[in-house]
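Here the structure is laid out as structure tokens; the discussion comes afterwards.
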Amino acid sequence: MSLIKCDQVSLSYGSHRALDCLSFTVESGGPVALVGPNGAGKTSLFSCLCGYQRPDSGSISVLGHAPGSAALAGRLAALPQDAKLDARFSIKAQLTYFARLQGMSAKQAQTEAMRVLALVDLEGIADKQPSELSHGMNKRVSIAQALLGNPELVLLDEPTAGLDPANTKAIRELIKSLKDQTQFMISSHNLDELEKLCSSVLYIDKGQLTKSMAVESADAGVSYLTLKMMNADDQTLLPALERLTGVSKVEQTAAGEFVLQTQPRQGHQLESEVLQLLSAHGWQYRMLLNGRTLEDSLFSASS
Ligand SMILES: Nc1ncnc2c1ncn2[C@@H]1O[C@H](COP(=O)(O)OP(=O)(O)OP(=O)(O)O)[C@@H](O)[C@H]1O
């Protein structure tokens with residue numbers, strides 16, 4: 001059974017089509033990244049998957065059920081983009097309340113509230129009010145809320161938006177530690193973060209799926225080496241890189257990185273040749289990595 005199956009899903013707001021015949025399938029196996037520009041339809045898609053909105057046409061199946069169906073209670077959870085905690089209640093009180101809504105006894109619900117707070121490393125703030133917490137802590141509590149009852153599928157809409165590097169890392173580590181027991185689908189604009197976390201990527205634009213790929217196998221059949229320079233004469237460097245043995249193509253990205261396309265398994269030998277070339281010219285590099293970044297995989301003209 002597919003975890004998520006969308007078939008020709010369309011959704012409009014008035015005359016504006018937010019989702020346009022969107023079809024994709026998510027099978028189990030590692031976190032899935034949902035990527036796309038502002039207004040692409042990511043939040044609208046999450047709303048439809050959760051059953052908050054009903055598509056105008058097409059069909060959706062989540063864990064084998066229609067979105068919003070009672071069979072999904074406790075099995076599917078979501079962190080909305082604008083998740084807000086209730087200012088009137090302590091953190092523990094509201095997590096306990098939501099756990100009780102899942103059918104837990106008062107005692108079980110309290111234990112569960114503390115369990116999920118421990119997962120986000122915030123047991124110490126259980127008795128505080130949301131107003132006493134930083135933005136990052138509020139976000140982590142909202143993620144804890146999504147983890148109540150150990151759901152099988154968790155949709156996270158911009159889980160690290162506006163967070164500092166330490167909070168971002170904490171959330172990344174949490175998702176990594178849970179990914180074998182919980183399937184995550186994560187919408188974010190932070191491609192670096194998604195690359196570290198996700199096994200596959202769905203790219204949507206104007207409500208349509210424009211790209212779908214596995215992160216590891218995105219470059220099957222070809223190897224890449226990505227080079228970012230501190231100082232170099234690009235006009236001399238580019239042809240010199242092209243002349244190296246085994247290099248079939250060199251592209252310079254908008255971010256100024258050089259992406260070398262090579263035959264498979266040329267990577268390590270090529271790496272040392274690149275380093276020799278740089279050293280011979282007295283050029284210094286900022287980054288040299290085997291493979292290419294998710295950003296480059298998604299946006300390069302050749303992919
Ligand atoms: N309630 C609404 N009423 C009218 N239009 C809406 C509504 N919600 C979203 N839209 C429009 O639908 C399109 C998709 O919006 P959506 O929020 O799903 O995109 P998104 O990919 O999540 O964007 P972002 O990355 O900026 O969060 C946008 O053009 C948006 O303006």
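Heavy-atom basis, side chains included; hydrogens, waters and symmetry copies ignored. This is a predicted model, so every value here is computed, not measured.
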Requested in this report: Apply ring pair (Phe, Tyr, Trp, His ring centres under 6.0 Å) to His281 and list each qualifying residue two or more places apart in sequence or on a separate chain.
Outcome: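 Testing His281 for ring pair (Phe, Tyr, Trp, His ring centres under 6.0 Å), a comparison that skips the adjacent residues, returns Trp283.
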
Is there a donor-acceptor contact under 3.5 Å from the side chain of [X] to the main chain of [Y]?
X: Thr182; Y: Lys179; result: no
X: Ser248; Y: Gln261; result: yes
X: Lys42; Y: Leu34; result: no
X: Asn231; Y: Gln284; result: yes
X: Thr25; Y: Lys5; result: no
X: Gln183; Y: Gly30; result: yes
X: Thr160; Y: Leu163; result: no
X: Glu112; Y: Gly149; result: yes

Requested in this report: For Gln102 and Leu148, run side chain to side chain contact (heavy atoms under 4.5 Å, CB included): C-alpha distance rounded to whole Å, both residues' side-chain angles, the deciding distance at 0.1 Å, then the answer.
Outcome: CA-CA 9 Å; Gln102 289 191 10; Leu148 285 166; 3.9 Å; yes

Requested in this report: List for me each residue that meets salt bridge (charged side-chain N to carboxylate O under 4.0 Å, His left out) alongside Asp86, sequence neighbours excluded, and say none if there are none.
Outcome: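 By the salt bridge (charged side-chain N to carboxylate O under 4.0 Å, His left out) rule, Asp86 matches Arg88.
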
Any side-chain heavy atom of [X] within less than 4.5 Å of one from [Y]?
X: Leu241; Y: Gln252; answer: no
X: Ile60; Y: Leu49; answer: yes
X: Val141; Y: Pro130; answer: no
X: Val250; Y: Val259; answer: no
X: Val154; Y: Leu178; answer: no
X: Leu225; Y: Glu271; answer: yes
X: Ile4; Y: Val32; answer: no
X: His189; Y: Asn38; answer: yes

Query raised in the report: Please walk me through it: do Ser187 and Asp157 pass side chain to side chain donor-acceptor pair (under 3.5 Å)?
Result: CA-CA 5 Å; Ser187 146; Asp157 199 354; 3.0 Å; yes

Query raised in the report: Can Leu227 be reached from Leu275 by stepping across I, L, V, M, F, W or Y side chains whose heavy atoms are under 4.5 Å apart?
Result: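 Yes, because Leu275 and Leu227 connect within a single hydrophobic cluster, where side-chain heavy atoms sit under 4.5 Å apart.
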
Query - ILVMFWY network linking Leu45 to Leu209, side-chain heavy atoms under 4.5 angstrom - result: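 Same hydrophobic cluster.
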
Please give me the minimum heavy-atom distance between [X] and [Y], naming the atom from each residue.
X: Pro67; Y: Cys50; value: CB-C, 4.3 Å
X: Arg54; Y: Leu11; value: O-CD1, 3.6 Å
X: Leu202; Y: Met185; value: CD1-CE, 3.7 Å
X: Ala146; Y: Pro151; value: O-CG, 3.2 Å
X: Ile171; Y: Pro159; value: CD1-O, 3.7 Å

By side chain to side chain donor-acceptor pair (under 3.5 Å) - contacts of [X] (at least two apart):
X: Asp180; answer: none
X: Ser44; answer: Tyr13
X: Glu152; answer: Arg75

Query - Leu63 CG to Ser28 OG distance, which is reported to the nearest 0.5 Å - result: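 Spacing of CG (Leu63) from OG (Ser28) equals 10.5 Å.
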
Query raised in the report: If we ignore angles and hydrogens, is there a donor and acceptor under 3.5 Å between the side chains of Ser2 and Glu27?
Result: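 The criterion, which ignores hydrogens and geometry beyond distance, is satisfied for Glu27 and Ser2.
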
Query - Partner set under side-chain contact (heavy atoms from CB on, under 4.5 Å) for Ser12, not counting sequence neighbours - result: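 Residues passing side-chain contact (heavy atoms from CB on, under 4.5 Å) with Ser12: Arg17, Asp56.
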
